[in-house]
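To start, the structure itself, in structure tokens.
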Amino acid sequence: QVQLVASGGGLVQAGGSLRLSCAVFGSIFSINVMNWYRQAPGKQRELVAHITTGGMTNYADSVKGRFTISRDNAKNTVYLQMNSLKPEDTAVYYCNAPELYNGKYYENIWGQGTQVIVSS
């Protein structure tokens, strides 16, 4: 079975940086799109960043200019570099492959989430 494993979360002071990683394990034919979502307590899950196989990216307005999403296609891994962190960035961050193709059909796969806490 295909699994997404997120890592890199932790506790950081405002203004600091973290890099999140999401590694995909299993038999994979292609992953056209990879996303990072986050969800804070009492709030709806939101899309933070998006990247295509070709490297085209999009960001939520709240993180644009501070976060950078990238991917290593050979390793089936996506990263989220988070700089100038703010307390409002505190959330559980989830990686997502909404159109993973295993050679026979598409799957929407989610990682387990990694906690990011930004203190003031």
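Because the structure is a prediction, the values reported are computed rather than measured.
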Any sub-3.5 Å donor-acceptor pair from [X]'s side-chain atoms to [Y]'s backbone N or O?
{"X": "Thr114", "Y": "Ala6", "value": "no"}
{"X": "Thr57", "Y": "Ser70", "value": "no"}
{"X": "Thr68", "Y": "Gln81", "value": "no"}
{"X": "Thr90", "Y": "Glu88", "value": "no"}

query = side chain to side chain contact (heavy atoms under 4.5 Å, CB included) between His50 and Thr52: does it pass, once the steps are laid out?
reply = CA-CA 7 Å; His50 164 101; Thr52 68; 3.8 Å; yes
Shared hydrophobic cluster, [X] / [Y] (ILVMFWY, side-chain heavy atoms < 4.5 Å):
{"X": "Tyr79", "Y": "Ile69", "answer": "no"}
{"X": "Val118", "Y": "Tyr59", "answer": "yes"}
{"X": "Val78", "Y": "Tyr37", "answer": "no"}

ask   = Mind checking whether Asn73 and Thr53 have side chains closer than 4.5 Å, heavy atoms only?
value =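 In contact.
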Atom pairs and distances, side-chain donor-acceptor, residues 91-99, under 3.5 Å, sequence neighbours left out:
unit_1	atom_1	unit_2	atom_2	d
Tyr93	OH	Arg38	NH1	2.9
Tyr93	OH	Asp89	O	2.7
Asn96	OD1	Asn35	ND2	3.0
Asn96	ND2	Asn108	OD1	2.8
Asn96	ND2	Ile109	O	3.1

Search all heavy atoms of [X] against all heavy atoms of [Y] and return the closest pair with its distance.
{"X": "Met34", "Y": "Ile31", "answer": "CG-CG2, 3.5 Å"}
{"X": "Val116", "Y": "Met82", "answer": "CG2-CE, 3.9 Å"}
{"X": "Val5", "Y": "Gln112", "answer": "CA-OE1, 3.6 Å"}
{"X": "Trp36", "Y": "Leu80", "answer": "NE1-CB, 3.5 Å"}

message = Using the rule given for side chain to side chain contact (heavy atoms under 4.5 Å, CB included), can you reason through Val2 versus Leu100, listing the C-alpha separation, both sets of side-chain angles and the distance that settles it, and then say yes or no?
response = CA-CA 9 Å; Val2 175; Leu100 188 151; 3.6 Å; yes
ask   = Other than Tyr105, which residues form its hydrophobic cluster under the rule that side-chain heavy atoms must be closer than 4.5 Å?
value =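 In the cluster with Tyr105 there is nothing else; it is isolated.
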ask   = Distance from Gln3 atom CD to Gln1 atom CD, nearest 0.5 Å?
value =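 The CD atom of Gln1 is 8.0 Å from CD of Gln3, to the nearest 0.5 Å.
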With a cut-off of 3.5 Å and sequence neighbours excluded, list every side-chain donor-acceptor pair involving residues 7-30.
unit_1	atom_1	unit_2	atom_2	d
Ser17	OG	Asn83	OD1	2.9

